[in-house]
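Working notes, structure below.
The sequence lines fix the lettering, A, B, ..., with proteins before strands; numbering per chain opens at 1. Computation of the quantities below employed the complete heavy-atom set of this structure, encompassing side-chain atoms and omitting hydrogens, waters and symmetry-equivalent molecules.
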Amino acid sequence: MPELPEVEVVRRGLDHHVRGRTIASAIIRHPRAARRHMAGPEDLAAQMVGTTVTGIARRGKYMWLILDETDALLMHLGMSGQMLITSPDAEIAAHERARFTFTDGGSDLRFDDQRTFGHLMYDEGGAVLPSPIAHIAPDPFDPQFDQAAAVARIKTKRTGIKRALLDQTLVSGIGNIYADEALWAAKVHGESTASSMSKPRISAVIDAAREVMAAALAQGGTSFDSLYVDVAGSSGYFARSLTAYGLVGHPCPRCGTPIVREQFMNRSSHFCPVCQRKR
DNA sequence: AGACTGCCCTGATGGC
DNA sequence: TGCCATCAGGGCAGTC
């Protein structure tokens, strides 16, 4: 379940292994991987060949290869997507969806994705900000992030604060794990109505999200299983630092009350029923 | 218009 | 052992 910290770990790995290299071939092995590229998988592949990766950027959970300083290969990992640096001799993996080779004959870049929620698309002229994600808000680590503006927008929402945190058009990068962790840290119930919260309190929730994601990034991200890994296939260590997410029945680290889980938006919310009261 | 639901997908897991 | 239901959930289309 890659969220901002996990995507940033991958972005850094790509920056290290792929920047400066020229693409020799692009193979899309599963049409679903290019489902949002309207011109089709063959077009996506054709556009890539011969371009040089001049940078790797990220906004929220999206990242993109900057090609020839002009265009973009936009990537979203979905739930189980992985960008892997592998040997050109490696066999086609069970869930391999795309593979890129380079003119230097060195390592390949592979996109594996078990659950196929991830996808790739090519955006001409999208180097600075690909047009398909123009509606995605800056994330809390973006120099363009305006926290006061984000707080003001969230405060207009007559919905639960957790739902607002997960709305990528308000603030991006936060998914179910870090939403639960941030709400726990800020002692806020996820179903508190955003519009009824004070601006300082909403701001404190965003601060908590930024802090927990920074801590996760420092640990290489959160891995529960082999579905989230860095470009070398290694897991992150933040799972052992989680305080609420996935810890039903475990004592709240603050007050000892068992963490509970409730259904929310066809998924789960984990929180301390004592520290995080609905207001 | 804003809030919310359903759908896409596969593999691990648990109950019977 | 095997079969079925459930769960994981990001983002967007569609509904109310």
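Atom CD in A:Q168 sits roughly 16 Å away from atom P in B:dA3 (whole-Å rounding). Between the NE2 atom of A:H37 and the C1' atom of C:dC12 there is a distance of 19 Å, rounded to whole Å. The distance between atom CD1 of A:I177 and atom P of C:dG10, rounded to the nearest whole Å, is 8 Å. In this structure, A:L166 atom CG and B:dA3 atom C1' are separated by 14 Å, rounded to whole Å. The distance between atom CD of A:Q263 and atom P of C:dA8, rounded to the nearest whole Å, is 6 Å. A:D112 places its CG atom 15 Å from the P atom of B:dT10, with the value rounded to the nearest Å. Residue A:E6 contributes atom CD, which lies 17 Å from atom P of C:dA8 at whole-angstrom precision. Going from atom CZ of A:R35 over to atom C1' of B:dC9 covers 9 Å, rounded to whole Å.
Comparing A:K157 and A:R267, the nucleotide of DNA chain B nearest to each residue sits closer to the 5' end for A:K157. Of the residues near DNA chain B, A:R158 and A:H30, the one whose nearest nucleotide (by heavy atom distance) lies more toward the 5' end is A:R158.
When the options A:H270, A:K162, A:E181, A:E3 are evaluated for a side-chain hydrogen bond (donor to acceptor under 3.5 Å, both in side chains) with A:N176, the one that passes is A:K162.
Using a 4.0 Å heavy-atom cutoff across all strands shown, A:Y62 reaches sugar-phosphate atoms only and no base atom.
In the model, A:Y62 has no side-chain atom that pairs as donor or acceptor with a side-chain atom of A:S172 under 3.5 Å.
Counting heavy atoms from C-beta outward, A:W184 and A:C272 have side chains that approach closer than 4.5 Å. Side-chain atoms of A:R32 and A:F117, non-hydrogen and from C-beta on, do get closer than 4.5 Å to each other.
Looking at the side chain of A:H76, the nearest of the listed nucleotides C:dG10, B:dC4, B:dA3 is C:dG10. Here C:dA8 is the nucleotide among B:dG11, C:dG10, C:dA8 with the atom lying nearest to any side-chain atom of A:R261. For A:K61, the side-chain atoms get nearest to C:dG11 when compared with the rest of C:dA8, C:dG11, B:dT10. When distances run from any side-chain atom of A:S268 to the nucleotides C:dA8, B:dC8, C:dG11, the shortest one goes to C:dA8. The side chain of A:T159 lies closest to B:dC4, out of B:dC8, B:dC4, C:dA8.
A donor-acceptor contact under 3.5 Å is formed by the side chain of A:R115 with the base of C:dA8. On a pure distance criterion of 3.5 Å, no polar donor-acceptor pair joins the side chain of A:R36 and the base of C:dG11.
The aromatic rings of A:H37 and A:Y122 sit perpendicular, their planes meeting at an angle over 60°, well past the 30° parallel limit.
Between A:H135 and C:dG11, a side-chain N or O to OP1/OP2 separation shorter than 4.0 Å is absent. For A:R163, no side-chain nitrogen or oxygen approaches OP1 or OP2 of C:dG11 to under 4.0 Å. Phosphate proximity of B:dG11 to A:Q114: absent, as no side-chain N or O sits under 4.0 Å from OP1 or OP2.
When both pairing distances are held under 3.5 Å, C:dT1 makes no Watson-Crick or G-U pair with any nucleotide shown.
Using a cut-off of 4.0 Å between Lys/Arg side-chain N and Asp/Glu carboxylate O, A:D207 and A:R210 are scored as salt-bridged.
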